[in-house]
Peer 1: 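Have a look at this one.
Each chain gets a letter, A, B and so on, in the order the sequences are listed, and its residues count up from 1. Below, all heavy atoms of this structure are taken into account, side chains as well, without hydrogens, waters or symmetry copies. As the structure is a prediction and not an experimental result, all values here were calculated from the model.
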There are 2 protein chains.
Amino acid sequence: MDTFLSIDEVARRTGLSAHTLRYYERIGLIGPVARGSDGRRRYSAADVAWIGFLLRLRGTRMPVASMQAFARLRAAGDHTAGERRQMLEKHLATVVAEIATLQHSAAALADKIAHYRRLEDTGAAPQPSSRRKR
Amino acid sequence: MDTFLSIDEVARRTGLSAHTLRYYERIGLIGPVARGSDGRRRYSAADVAWIGFLLRLRGTRMPVASMQAFARLRAAGDHTAGERRQMLEKHLATVVAEIATLQHSAAALADKIAHYRRLEDTGAAPQPSSRRKR
DNA sequence: GCTTGACTTAGAGCGTGCTCGAACGCCTAG
DNA sequence: CTAGGCGTTCGAGCACGCTCTAAGTCAAGC
């Protein structure tokens, strides 16, 4: 199984740049990646899966510092699983809260838009760049 | 009606710092605020309402540059209402999309947590810092 | 008059998360 | 042997959104 990927392949698959992948490794988000005899990185499937997980955390705006903490726990071994679970639970709670406030804000935005629409339909200046066919 | 507020009062009410309020004014997010005879800012109720709206936009992660664009349109007069509505609609769409991906991620997080919980219950090392009374 | 304290401006500095540049190494093709 | 291309490290630089400092003004209280 030649299941090892070059940094460019991983970049392509994850959407991160090679620069960013090296950066993540530097700051400890990604554990030391295996190297070929020429010193180049050879990412395993597990590495890629972990990066995918990191991207999910990032997508929920977990700060890099927290991801680092999580990565450290992971590297420390199985006995930190409980701690890791707690981190995730805490983070999940903030994500859920954020979803709620976003939904709230989305509703407010929709109201504002409706307000604008009313303004326009009440015969104010017609929109130049908007085909607003009632 | 002494409906004018000092910068500190506005800071208190909006949760922004006085520094940030001045900064927002400097970069054009908040139009020129009226001044008292002593040169100090005197915020009107309309100013405060506008700041509230800005905060909502910020809460949905609208970039400052976009808020500036919106503020410019607003300052340009009523005839930009259509354009402003379009901006809001576009932004609302991104907010809705983001809510969706956050929900997706939240579900994935919940799965991961469940996974950890399973690990723990399958008799791995007991958690030191977790009273997991099955 | 002097002090205190809240305000003003202009501009420098900072935390976060990348992003890029410079200089070099190694492999392959021609 | 040389050139090209892709990788490496180390460190500087950047975009964003504030945040703070410095130096000064003004009004009120002692």
Side-chain angles (χ1 to χ4, degrees), chain A residues 2 4-44 47-48 50-72 91 94 98 105, chain B residues 2 4-44 47-48 51-72 91 94 98:
Chain A
D2 168 37
F4 290 101
L5 302 176
S6 73
I7 195 167
D8 263 21
E9 283 177 288
V10 175
R12 221 178 26 69
R13 295 193 188 194
T14 61
L16 293 173
S17 71
H19 278 312
T20 302
L21 284 169
R22 291 193 203 97
Y23 163 71
Y24 277 6
E25 190 173 335
R26 236 169 27 205
I27 67 173
L29 280 190
I30 303 173
V33 173
R35 305 304 175 104
S37 57
D38 55 357
R40 299 187 179 189
R41 288 171 179 79
R42 293 162 66 57
Y43 290 86
S44 70
D47 289 331
V48 174
W50 168 244
I51 292 166
F53 182 62
L54 285 180
L55 287 181
R56 212 172 261 302
L57 292 182
R58 188 183 71 162
T60 58
R61 269 166 285 289
M62 178 182 278
V64 167
S66 304
M67 293 196 258
Q68 286 173 315
F70 192 91
R72 266 193 305 277
H91 183 58
T94 76
E98 185 171 354
S105 293
Chain B
D2 168 39
F4 289 101
L5 302 176
S6 73
I7 195 167
D8 263 20
E9 284 177 287
V10 175
R12 221 178 25 70
R13 295 191 189 197
T14 60
L16 294 172
S17 71
H19 278 311
T20 302
L21 283 169
R22 292 193 203 97
Y23 163 71
Y24 276 7
E25 189 173 338
R26 237 174 21 209
I27 67 172
L29 280 190
I30 303 173
V33 173
R35 304 306 175 102
S37 57
D38 55 357
R40 296 184 183 192
R41 288 172 179 78
R42 294 162 64 59
Y43 290 86
S44 69
D47 289 332
V48 175
I51 292 165
F53 181 63
L54 285 180
L55 287 181
R56 211 173 262 301
L57 293 182
R58 188 182 70 162
T60 57
R61 267 166 287 290
M62 178 183 277
V64 166
S66 305
M67 294 195 256
Q68 287 173 312
F70 192 91
R72 268 194 304 279
H91 182 59
T94 75
E98 185 171 353

Peer 1: How is A/R41 classified with respect to the nucleic acid when contacts are heavy atoms under 4.0 Å: base, sugar-phosphate, or nothing?
Peer 2: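 Answer is sugar-phosphate: A/R41 comes under 4.0 Å of backbone atoms only.
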
Peer 1: What does B/S17 touch in the nucleic acid at a heavy-atom separation under 4.0 angstrom: a base, only the sugar-phosphate, or nothing?
Peer 2: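 Counting heavy atoms under 4.0 Å across all strands, no contact is made by B/S17.
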
Peer 1: Rounded to whole Å, how long is the line connecting atom CZ of A/R22 with atom C1' of C/dG17?
Peer 2: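 To the nearest whole Å, that distance equals 17 Å.
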
Peer 1: Both A/D38 and A/L16 contact DNA chain C. Which one's nearest nucleotide lies toward the 5' end?
Peer 2: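 The residue mapped nearer the 5' terminus is A/L16.
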
Peer 1: What does B/I27 touch in the nucleic acid at a heavy-atom separation under 4.0 angstrom: a base, only the sugar-phosphate, or nothing?
Peer 2: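 No contact.
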
Peer 1: To the nearest Å, how far apart are B/Q68 CD and D/dG17 C1'?
Peer 2: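 Rounding to the nearest Å, CD of B/Q68 and C1' of D/dG17 are 11 Å apart.
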
Peer 1: Tell me which nucleotide among C/dC18, C/dG5, D/dC18 gets nearest to the side chain of B/R40.
Peer 2: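 For B/R40, the side-chain atoms sit closest to C/dG5.
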
Peer 1: Starting at the 5' end of DNA chain D and moving along, which residue's nearest nucleotide shows up first, B/M67 or B/S37?
Peer 2: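 That would be B/M67.
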
Peer 1: Between C1' on D/dT9 and CD1 on A/I7, what's the gap in Å once rounded to a whole number?
Peer 2: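 Whole-Å distance recorded here is 12 Å.
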
Peer 1: Can you check the A/L21 CG to D/dT8 C1' distance for me, whole Å?
Peer 2: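 Roughly 14 Å, once rounded to whole Å.
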
Peer 1: Any side-chain heavy atom of A/E98 within less than 4.5 Å of one from A/T94?
Peer 2: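 Counting from C-beta outward, A/E98 and A/T94 never come under 4.5 Å.
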
Peer 1: Supply the atom-to-atom distance B/R41 CZ to B/I7 CD1, rounded to the nearest 0.5 angstrom.
Peer 2: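 Reported value, rounded in 0.5 Å steps: 5.0 Å.
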
Peer 1: Between D/dT9, D/dG17, C/dG17, spot the one nearest the side chain of A/V64, thanks.
Peer 2: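 Side chain of A/V64 sits closest to C/dG17.
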
Peer 1: Atom CZ of A/F4 and atom C1' of D/dG7: how far apart are they, to the nearest Å?
Peer 2: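 Rounded to the whole Å, the gap is 18 Å.
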
Peer 1: Does a nitrogen or oxygen in the side chain of A/R61 sit under 4.0 Å from OP1 or OP2 of C/dT16?
Peer 2: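 Negative; the distance criterion is not met.
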
Peer 1: Quick one: does A/Q68's side chain get under 4.5 Å of A/R72's, heavy atoms only?
Peer 2: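 Of all side-chain heavy-atom pairs linking A/R72 with A/Q68, at least one is under 4.5 Å.
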
Peer 1: Indicate yes or no: at least one non-hydrogen side-chain atom of A/R58 is less than 4.5 angstrom from one of A/L16.
Peer 2: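 Result yes, sub-4.5 Å side-chain heavy-atom pair found.
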
Peer 1: To the nearest angstrom, how far is A/M62 atom CE from C/dC18 atom P?
Peer 2: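 That distance rounds to 14 Å.
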
Peer 1: Taking the side chain as every heavy atom from C-beta outward, state whether B/L21 and B/I51 have any pair of such atoms under 4.5 Å apart.
Peer 2: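 Of all side-chain heavy-atom pairs linking B/I51 with B/L21, at least one is under 4.5 Å.
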
Peer 1: Counting side-chain heavy atoms from C-beta on, which of C/dG25, D/dT9, D/dT19 comes nearest to B/T20?
Peer 2: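 Given the options C/dG25, D/dT9, D/dT19, the side chain of B/T20 is closest to D/dT19.
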
Peer 1: When you measure from the side-chain N and O atoms of B/R26 to the phosphate of C/dG11, is any distance below 4.0 Å, counting only OP1 and OP2?
Peer 2: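 No, outside the criterion.
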
Peer 1: Measuring to OP1 and OP2 of D/dG7, would you say a side-chain N or O of A/S6 lies under 4.0 angstrom away?
Peer 2: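 For D/dG7, OP1/OP2 do have a side-chain N/O of A/S6 under 4.0 Å.
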
Peer 1: State which of C/dG17, D/dT19, D/dG7 makes the closest approach to the side chain of B/Y23.
Peer 2: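 Of all the options, the side chain of B/Y23 is nearest to D/dT19.
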
Peer 1: Hey, does B/R35 have a side-chain heavy atom less than 4.5 Å from the side chain of B/R42?
Peer 2: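 The answer is no, as the side chains (C-beta and beyond) never meet within the 4.5 Å cut-off.
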
Peer 1: Return the nearest nucleotide to the side chain of A/R35; candidates are D/dT19, D/dT8, D/dG7.
Peer 2: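 In terms of side-chain proximity for A/R35, the closest of D/dT19, D/dT8, D/dG7 is D/dT8.
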
Peer 1: Specify the separation, in whole Å, of atom CG of A/L55 and atom C1' of C/dC18.
Peer 2: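 My rounded result for the distance is 13 Å.
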
Peer 1: According to a strict under-4.0 Å criterion, is A/Y24 in side-chain N/O contact with OP1 or OP2 of C/dG17?
Peer 2: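 Checking C/dG17 against A/Y24, no side-chain N or O comes under 4.0 Å of OP1 or OP2.
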
Peer 1: Calculate the interatomic distance between B/H19 atom NE2 and C/dA12 atom C1'; express it in whole Å.
Peer 2: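 My rounded result for the distance is 13 Å.
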
